[in-house]
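On a predicted model such as this, the values are computed, not experimentally measured, just so you know.
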Amino acid sequence: MKKSTQPPNTLEELMMRAEAMAGLTLGQLAHHHQIQSPKDLKRHKGWVGQLIELELGAIAGSKPEQDFIHLGVELKTIPVNQTGKVLETTYVTVAPLSNIQGLTWENSVVYHKLQNVLWIPVQGAREIPLAERQIGSPVLWSPSAEEEALLKQDWEEIMELIAIGKVESITARHGEVLQLRPKAANSQVLTQSIGHNGSRSQVNPRGFYLKTQFTQRILSALL
DNA sequence: AGGTGATCATAT
DNA sequence: ATATGATCACCT
């Protein structure tokens, strides 16, 4: 899926585009871009996000930065059921597992990506055929002081364990709102990490994810 | 049923 | 391999 829409010049323009697609189905949007809707997402997990990026003119590509870097906005589609319940955790970014000396919360990719997030709720119930799933109204969010404090605490606890070579002891249960989970093509993939006594080691790559209860609170409060 | 660990597609 | 976009699918 290649880009065809120009990036929005202003936040207002981005919001106008997002609001204009609310109520449309994924099938309608796909047709508009001359794209075929897959039967389901089993082998097209990022399809919805890519389609929304195309419509809104996102430009980050595969760079580790915000989708609309010139606006300071990160785009996230989020699957919800018909009652508005969040169905999945939200991937934020890959976790740095080596060369992390001196890295602080304020300098982290998680911090920067979550400064301004444009949430696009999309019906995600598997019972609804993909092409018939409806796009919801956009929600622009910036973390409150309390929310940022929670994120910062989880991030610092997780990064401390990584720093002392205990990444393999971290499970998705660590963290109240932010969790660390595998993020790779499969469990055989390895990346450099910190081992015992600061030695070099290798582990399955990890990513930071927002837990559903946290994103649920964000969306519910702003709807 | 909910959540954790695993996985899929694609671009660089 | 690493980054993006995420959801799948198994286990408790």
State which residues pass side-chain hydrogen bond (donor to acceptor under 3.5 Å, both in side chains) with Asn107(A); sequence neighbours excluded, sorted by chain then number.
Thr104(A)
With sugar-phosphate meaning primed atoms plus P, OP1 and OP2, does [X] contact a base, only sugar-phosphate, or nothing at under 4.0 Å between heavy atoms?
| X | answer |
| --- | --- |
| Leu190(A) | sugar-phosphate |
| Glu74(A) | sugar-phosphate |
| Val189(A) | sugar-phosphate |
| Gly49(A) | sugar-phosphate |

Length of the line joining [X]:[atom1] and [N]:[atom2], which is rounded to integer Å:
| X | N | atom1 | atom2 | result |
| --- | --- | --- | --- | --- |
| Leu54(A) | dT10(B) | CG | P | 15 Å |
| Glu65(A) | dT12(B) | CD | P | 14 Å |
| Glu53(A) | dA6(C) | CD | C1' | 11 Å |
| Gln192(A) | dA1(C) | CD | C1' | 12 Å |
| Lys63(A) | dT4(C) | NZ | P | 11 Å |
| Leu41(A) | dC8(B) | CG | C1' | 11 Å |
| Gln66(A) | dG5(C) | CD | P | 11 Å |
| Phe208(A) | dT4(C) | CZ | P | 12 Å |

For residues 19-31 of chain A, please give each side-chain donor-acceptor pair under 3.5 Å, one per line with the distance, not counting sequence neighbours.
unit_1: Thr25(A); atom_1: OG1; unit_2: Gln28(A); atom_2: N; d: 3.0
unit_1: Thr25(A); atom_1: OG1; unit_2: Gln28(A); atom_2: OE1; d: 3.4
unit_1: Thr25(A); atom_1: OG1; unit_2: Ala131(A); atom_2: O; d: 3.4
unit_1: Gln28(A); atom_1: OE1; unit_2: Thr25(A); atom_2: N; d: 2.9

Does Ile128(A) sit in a hydrophobic cluster with other residues, and if so which ones, taking ILVMFWY side chains as linked at heavy-atom separations under 4.5 Å, directly or through other members?
none
Other than Leu190(A), which residues form its hydrophobic cluster under the rule that side-chain heavy atoms must be closer than 4.5 Å?
none
Between the first and last five pairs of the helix from dA1(B)-dT12(C) to dT12(B)-dA1(C), the angle of the axes, rounded to 10 degrees
30°
Thr90(A) side-chain N/O to dA6(C) phosphate OP1/OP2 under 4.0 Å
no
Within the pair Tyr91(A) and dT7(C), is there a side-chain N or O less than 4.0 Å away from OP1 or OP2?
no
Could you list by number each residue of residues 214-223 of chain A showing a heavy-atom separation from DNA chain C of less than 4.0 Å, or answer none if no residue does?
none
Count I, L, V, M, F, W, Y as connected when their side-chain heavy atoms are under 4.5 Å apart, and connections chain through other members. Are Leu223(A) and Val122(A) then in the same cluster?
no
Going from [atom1] on [X] to [atom2] on [Y], what distance comes out if it is rounded to the nearest 0.5 angstrom?
| X | Y | atom1 | atom2 | value |
| --- | --- | --- | --- | --- |
| Leu178(A) | Glu176(A) | CG | CD | 11.0 Å |
| Leu210(A) | Leu114(A) | CG | CG | 5.5 Å |
| Leu118(A) | Glu74(A) | CG | CD | 10.0 Å |
| Ile162(A) | Ser193(A) | CD1 | OG | 9.5 Å |

At a heavy-atom distance below 4.0 Å, what parts of residues 119-141 of chain A sit against DNA chain B?
none
Going by the side chain to side chain donor-acceptor pair (under 3.5 Å) test, which pairs reach into residues 201-219 of chain A, not counting sequence neighbours?
Gln216(A)-Ser220(A)
With side chain to side chain donor-acceptor pair (under 3.5 Å) as the rule and sequence neighbours excluded, what pairs involving residues 112-126 of chain A come up?
Asn116(A)-Ser142(A)
For Pro8(A), is there any backbone N or O sitting under 3.5 Å from a side-chain donor or acceptor partner on His70(A)?
yes
Determine which pairs satisfy salt bridge (charged side-chain N to carboxylate O under 4.0 Å, His left out) with at least one residue from residues 152-175 of chain A, sequence neighbours left out, and list them in order.
Glu106(A)-Lys152(A)
By nearest atom, which of the nucleotides dA6(C), dT4(C), dC8(C) is closest to the Lys42(A) side chain?
dC8(C)
Report, one line per pair, each donor and acceptor closer than 3.5 Å where one atom sits in a side chain of residues 84-101 of chain A; sequence neighbours left out.
unit_1: Thr89(A); atom_1: OG1; unit_2: Arg181(A); atom_2: NH1; d: 3.1
unit_1: Thr89(A); atom_1: OG1; unit_2: Arg181(A); atom_2: NH2; d: 3.3
unit_1: Tyr91(A); atom_1: OH; unit_2: Val94(A); atom_2: N; d: 3.1

Once base and sugar-phosphate atoms are separated, protein heavy atoms under 4.0 Å mark nucleotides 1-7 of chain B, 5' to 3', with B, S and - as -SSBBBB
Could you check Val109(A) against Pro79(A) and say which one's nearest nucleotide on DNA chain C is further toward the 5' end?
Val109(A)
Smallest separation among heavy atoms of Lys45(A) and Lys42(A), with atom names:
CE-O, 3.7 Å
